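If you're wondering where the values come from, they're calculated on a predicted model, not measured in any experiment. Values reported hereafter were calculated over all heavy atoms of this structure, with side chains retained and with hydrogens, waters and symmetry mates removed. Below, chain A is the first sequence line, B the second, and so on; all start at residue 1.
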Amino acid sequence: MPDAIPDPPPAGPLLGWYDRHRRTLPWRVYAPPGEARGERDPYRIWLSEVMLQQTTVATVGPRYARFLARFPDVRALAGAPWEEVAAEWAGLGYYARARNLHAAARAVVARGGFPDTEAGLRELPGIGAYTAAAVAAIAFDRPTVPVDGNVERVVSRLLAIREPLPGARRLIAPAAARFMEQKEARARPGDFVQALFDLGATICTPRRPACALCPWRGDCAAQRLGIQETLPVKAPKAARGERHGLHFLARDPAGRLLLRHRPPEGLLGGMLEIPGTPWREGAPWSLEEALPHAPLPGAPLLGAGWRLRPGTARHGFTHMDLDMRLAEAAVPESPAPPGMAWMEPEAARAALPTAMRRLLPLAEPPLAEGAGGVASGGTGARGARRKGIQA
DNA sequence: AAGTCGGGGTC
DNA sequence: GACCCAGACTT
């Protein structure tokens, strides 16, 4: 038997605090003690959990409503073509989530409904240990504790765990699971886990936690030691490298843009892009050097052919910083090559991931904002200093 | 266990 | 700038 897992604090005070101070959120379901358990739609809870993976509540809010309006139930999502799902997810990042969401919706429809156990949910693509536990607890009141960033922080402070993450999960996970040994937690599993999330989001925050307001202020080892702001300890991250790309914006006489589908896996997998060079380390691409990567190699180019635009667009990914230049050309009306499509500027901007949207203000006339129209007032020095653009 | 995979808000 | 966010998946 390894070291005993410490007793977690009592669930009752946290649930009482939650009953008074819980956040009102679009996907939230709530079962106050003594009242009938309300209708809980596992589709909505599942969708919220996937959208919230590494994504803030503020970002998800409007996108969640928009997604539900377009795909109101799992059958609607399963029946939609991938292109519509991708366009709806554009800008949210981590596009594997959208691919897995779509595949999981089809699996759910094929099997006749959502699995209602943690193990069953875990089998669906895009549902890992956390999301399986979260949906099982919130949608089905299964007595399990999902461990997300909030729970890691709360538990590491309660128990004053000084071991750095992610290794510390070895200690945090079994300690969190012990909450469900308590009768008060088992009576309201969905509320209890959402109470843990709310505590982490509003009281036990990463910086300057509001310990004076915490329902567990007398039960927290880190607070007794005065080290709550130093926990959890995290392992240092690797430095980000820089890469360079040059992209080619072709416009036909009707003003449409030529876009390319990226491969289904990997970075921005399954999403649209402005065709261009690979993204390499080292030096930026010159136009001549990049020309072999231009689309429509055999097409006549109107005017002076590909023209390199001034300025660059920058975009930070998790593991690298991308520095992009833009060349553009007017081309005659022509069929799109395989794997590419002509799109109206408005639809193109909506469907492109953010990294690609950052190139649009470099175009002339710029395709920066809103309905694919021309940005007002030109993009002179002022416009060029917008976020993500350098002269 | 370490890398890959987005993007935005915050201090 | 660095950090964080209701993480999953691959190797």
### Query
Aromatic rings A:Phe317 and A:His315: how do their planes relate, parallel, tilted or perpendicular, breaks at 30° and 60°?
perpendicular
### Message
Please verify the inter-ring angle class for A:Tyr43 with A:Phe114; under 30° counts as parallel, over 60° as perpendicular, anything in between as tilted.
### Response
tilted
## Note on the structure
Contacts of A:Ala58 and A:Met320 projected onto DNA chain B by closest heavy atom; the upstream (5') one is A:Met320
Heavy atoms from C-beta onward define the side chain here; which of [options] lies closest to that of [X]?
X	options	value
A:Arg122	C:dA6, C:dC9, C:dC4	C:dC9
A:Thr56	C:dG7, C:dC5, B:dG6	C:dC5
A:Trp27	B:dG8, C:dC5, C:dA6	C:dA6
A:Arg153	C:dC5, B:dT4, C:dA6	C:dC5
A:Tyr130	C:dA6, B:dC11, B:dC5	C:dA6

### Query
Hey, is the side chain of A:Lys234 poking within less than 4.0 Å of OP1 or OP2 on C:dC5, counting only N and O atoms?
yes
### Message
With rounding to the closest Å, how many angstrom separate the P atoms on C:dC9 and B:dG8?
### Response
24 Å
### C:dA6 to B:dT4 separation - P atoms, rounded to the nearest Å
25 Å
### Task
To the nearest 0.5 Å, tell me how far A:Glu49 CD sits from A:Asp148 CG.
8.5 Å
### Message
Need to verify one output field. Residue with the more 5' nearest nucleotide on DNA chain C, A:Asn100 or A:Ala201?
### Response
A:Ala201
### Task
Tell me which of A:Pro125 and A:Gln194 sits closer to the 5' end of DNA chain C, going by the nucleotide each one is nearest to.
A:Gln194
### Query
Near A:Arg240 CZ, under 6.0 Å, is it more than 12 heavy atoms from other residues, nucleotides or ligands?
yes
